[in-house]
2 protein chains.
Amino acid sequence: MALEHAILVSLDERSGSGYELAQRFEKSIGFFWAATHQQIYRTLKRMVELGWVSRHEVAQDGRPDKKVYEVADAGRAELARWLASPSEPETLRHDLSVKIRGASLGDAAALTGEIARHRDLHAERLDVYLAIEKKDFPDPSALSGRRLHQYLVLRGGVRAERALVEWCDEVLAAMREDDRR
Amino acid sequence: MALEHAILVSLDERSGSGYELAQRFEKSIGFFWAATHQQIYRTLKRMVELGWVSRHEVAQDGRPDKKVYEVADAGRAELARWLASPSEPETLRHDLSVKIRGASLGDAAALTGEIARHRDLHAERLDVYLAIEKKDFPDPSALSGRRLHQYLVLRGGVRAERALVEWCDEVLAAMREDDRR
DNA sequence: GCGTACATGTAATGTGTTACATGATTGA
DNA sequence: TCAATCATGTAACACATTACATGTACGC
């Protein structure tokens, strides 16, 4: 029920086509809200019907025409309404935890390999976030408004990925120690 | 695609009815994989058809009959297969991050209230996890096998909730500081 | 008499995923 | 000429959410 709102936030930062939005959902906004281009196209269509966004076609030379979407007044109103409404913490679906919990029923070596792979994936993401932090927000104490909010969300990503890396390390150490006995 | 596997892991620890499973998904296993009773009943039905679990009806006095499910050989084989197969990190959907990113478009005070509420929710969960850790796993270095795996998954919960509490605190401090200027 | 726990389900709707489909331009 | 990028979509299916539906037993 919140893909619409993620799109509204993104379009408010900058208007764009469905294709451009899909790209933003592969990075930046996608760091905390995943969506594929199919979802985005479908949702944009509905949002036009609701009057939350307006669409105008833009001809381009050498490239296919694109449909640029912009937040409409009704969209801004909906966003304000949603921002003020309470929301519950997301319900978790953590594959790897299920696997660890069931570890004794399968191949332990294959599972530790998988955990190590996840550890590296999270370490990579952490590096990406830290690089963005260093480059785009060198002086956090000077930030305010929109820029501050972007920085704070990025900080959430840093904390989450760091926690995951450390947890994977703890799990690997304990499982290897257990293996040795 | 993994609710089946979460159910298999849970049923392998102890056989039970759909109702009992639903309760486990409200606590313990539900800490890292959420499911409602409707999902569970539907999935159990499919799993019986696939031959992954067996069902036998148990009459009770003073209470409705229940259908107890048990993991079958085919279920154990499927679980082993799944444990050895790679899985991607879950795609994130973090409501609160979307809201923070859109903060400048709504009522800032209402949003900080909401963040504070989430902070308290996460602190509560953290306390629950820490209490379980203290009570059920007083000597972690002595653990092995299944008990060790349960402990390690719980440690993931502790780390995740702690990271969320600390992040909420960081966000609240920065947004209040920004307000004052 | 009311709420809670036990116990299982159906139906409708909303979302998400996967596969398929098209077609132009640019650079290696 | 082959792959990648730009650009938009349909269709089928899988899965999740919400509301509704039923009925017993027990304690306050």
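Residue numbering restarts at 1 for every chain, and letters A, B, ... go by the order of the sequence lines. Side chains are part of it too, since the values below use all heavy atoms of this structure and drop only hydrogens, waters and symmetry mates. It should be emphasised that the depicted structure is a prediction, and the values quoted were computed from it without experimental measurement.
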### Summary
Testing C/dT17, D/dA16, C/dC6 for proximity to the side chain of B/Gln23, the answer is C/dC6
Send over the distance from [X] [atom1] to [N] [atom2], rounded to a whole Å.
X: A/His37; N: C/dA19; atom1: NE2; atom2: P; answer: 13 Å
X: A/Glu90; N: D/dA16; atom1: CD; atom2: P; answer: 15 Å
X: A/Lys66; N: C/dT25; atom1: NZ; atom2: P; answer: 17 Å
X: A/Ile7; N: C/dG16; atom1: CD1; atom2: C1'; answer: 13 Å
X: B/Phe25; N: C/dT8; atom1: CZ; atom2: P; answer: 15 Å
X: B/Tyr41; N: C/dC6; atom1: OH; atom2: P; answer: 11 Å
X: B/Leu21; N: C/dA7; atom1: CG; atom2: P; answer: 12 Å
X: B/Gln39; N: C/dG9; atom1: CD; atom2: P; answer: 16 Å

Using only side-chain N and O atoms of [X], determine if any of them is under 4.0 Å from OP1 or OP2 of [N].
X: B/Ser17; N: C/dT8; result: yes
X: B/Thr36; N: D/dA16; result: no
X: A/Lys45; N: D/dT8; result: no
X: A/Arg46; N: C/dT15; result: yes
X: A/Tyr19; N: D/dT8; result: no

### Message
For a quick check under 3.5 Å, do B/Ser141 and B/Asp139 share a side-chain donor-acceptor pair by atom type?
### Response
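Their side chains do contain a donor-acceptor pair, which is all the 3.5 Å distance test asks for.
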Contact class for [X] vs. all strands (heavy atom < 4.0 Å): base, sugar-phosphate, or nothing?
X: A/Thr43; answer: nothing
X: B/Gln38; answer: base
X: A/Glu57; answer: nothing

### Query
Want to settle it: does B/Glu20 or A/Ala35 sit nearer the 5' end of DNA chain C, counting the closest nucleotide to each?
B/Glu20
Any Lys/Arg nitrogen of [X] or [Y] sitting under 4.0 Å from an Asp/Glu carboxylate oxygen of the other?
X: B/Arg159; Y: A/Glu170; result: yes
X: B/Glu88; Y: A/Arg117; result: yes
X: B/Arg93; Y: A/Glu90; result: no
X: B/Glu49; Y: B/Arg46; result: no

### Message
Using only modelled atom types and a 3.5 angstrom limit, is any donor from either the side chain of B/Arg93 or the base of C/dG16 paired with an acceptor on the other?
### Response
no
